[in-house]
Amino acid sequence: MARPLVAVLSGAGISTDSGIPDYRGPNGLWRRDPGAEKLVTYEHYMADPEIRRRSWRMRADSPTLAARPNDAHAAIVRLERSGVAVRVITQNVDGLHQMAGLTERKVLELHGTARAVVCTRCHDRTPMAGALERVLAGEEDPACAKCGGILKAATVMFGQRLDPGVLADAMAIAKGCTVFIAVGTSLQVQPAASLAGIAAEHGARLVIVNAEPTPYDELADELVREPIGTALPALLDGIAREAAAG
Ligand code: ZN
């Protein structure tokens with residue numbers, strides 16, 4: 001058997017055990033609250049200082065930065081360390097795959113990261129923690145320290161395009177992997193969801209680990225409805241054992 005290349009597409013469901021709610025999915029907090037959605041919509045954020053002030057307060061209050069990786073994140077790191085080639089494509093902005101110990105370059109963040117801020121004028125990139133320190137110290141809408149431009153989280157806001165380079169890399173992984181595991185994602189947000197279909201078309205074994213049905217269930221070779229925190233470690237440890245047995 002050829003050595004497996006395991007691609008993991010992760011969504012909000014992998015991080016709920018870490019205390020991070022689903023913000024941006026179809027039933028996420030932001031979609032259910034149009035006022036909150038404005039805080040992460042590029043057009044409104046850039047046009048309205050009050051939206052930016054509320055957005056910074058929301059980030060300062062968010063559990064995302066303080067969250068810790070959970071057993072599911074750890075299981076992916078274990079698979080990588082077993083010698084199996086692993087790539088993670090994530091819809092999450094929480095940085096928990098890397099914090100769990102996964103090699104940085106093996107994680108593709110489709111929607112960017114909430115752990116950094118970027119200047120919308122000069123594109124200077126700095127840690128989110130520094131910007132939030134300024135917010136907590138009283139700056140309601142901290143500007144870029146280099147050029148005075150508007151700062152924003154390094155996430156892909158509603159109304160912004162995904163990074164074409166990141167998306168192209170994700171497509172290549174979907175086409176080249178032998179196993180594609182979609183975990184904790186409803187597979188309803190495009191183009192991320194289509195990666196599951198592309199992987200299946202190119203001959204990958206498609207495994208979907210999600211509590212709720214998804215539009216790609218009919219294409220899947222295996223559906224897992226059990227809780228992610230126990231189901232994903234069992235699945236990945238099994239793949240590691242099979243690979244070791246060769
Ligand atoms: Zn700047």
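Order of listing sets the numbers, starting from 1, for every ligand and every atom in it. Values reported hereafter were calculated over all heavy atoms of this structure, with side chains retained and with hydrogens, waters and symmetry mates removed.
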Q: Applying side-chain hydrogen bond (donor to acceptor under 3.5 Å, both in side chains), name anything that partners K175, two or more places apart in sequence or on another chain.
A: none
**Q.** Partner set under side-chain hydrogen bond (donor to acceptor under 3.5 Å, both in side chains) for E139, not counting sequence neighbours
**A.** R134
Q) Will you find, in the side chains of E80 and T103, an N or O donor that is under 3.5 Å from an N or O acceptor? A) yes
Can you list, pair by pair, the side-chain donor-acceptor contacts under 3.5 Å of residues 143-150, counting residues two or more places apart and other chains?
{"residue": "K146", "atom": "NZ", "partner": "D124", "partner atom": "OD1", "Å": "3.1"}

Q) Quick one: which of Q91, Q98, R115 gives a side chain to side chain donor-acceptor pair (under 3.5 Å) with E109? A) Q98
Q. Is the backbone N or O of N70 less than 3.5 Å from a side-chain atom of H73, with the two atoms forming a donor-acceptor pair by type?
A. yes
Q: Provide the protein N, O or S atoms situated under 2.8 Å from the Zn ion (ligand 1); waters are not included.
A: C119 SG, C122 SG, C144 SG, C147 SG
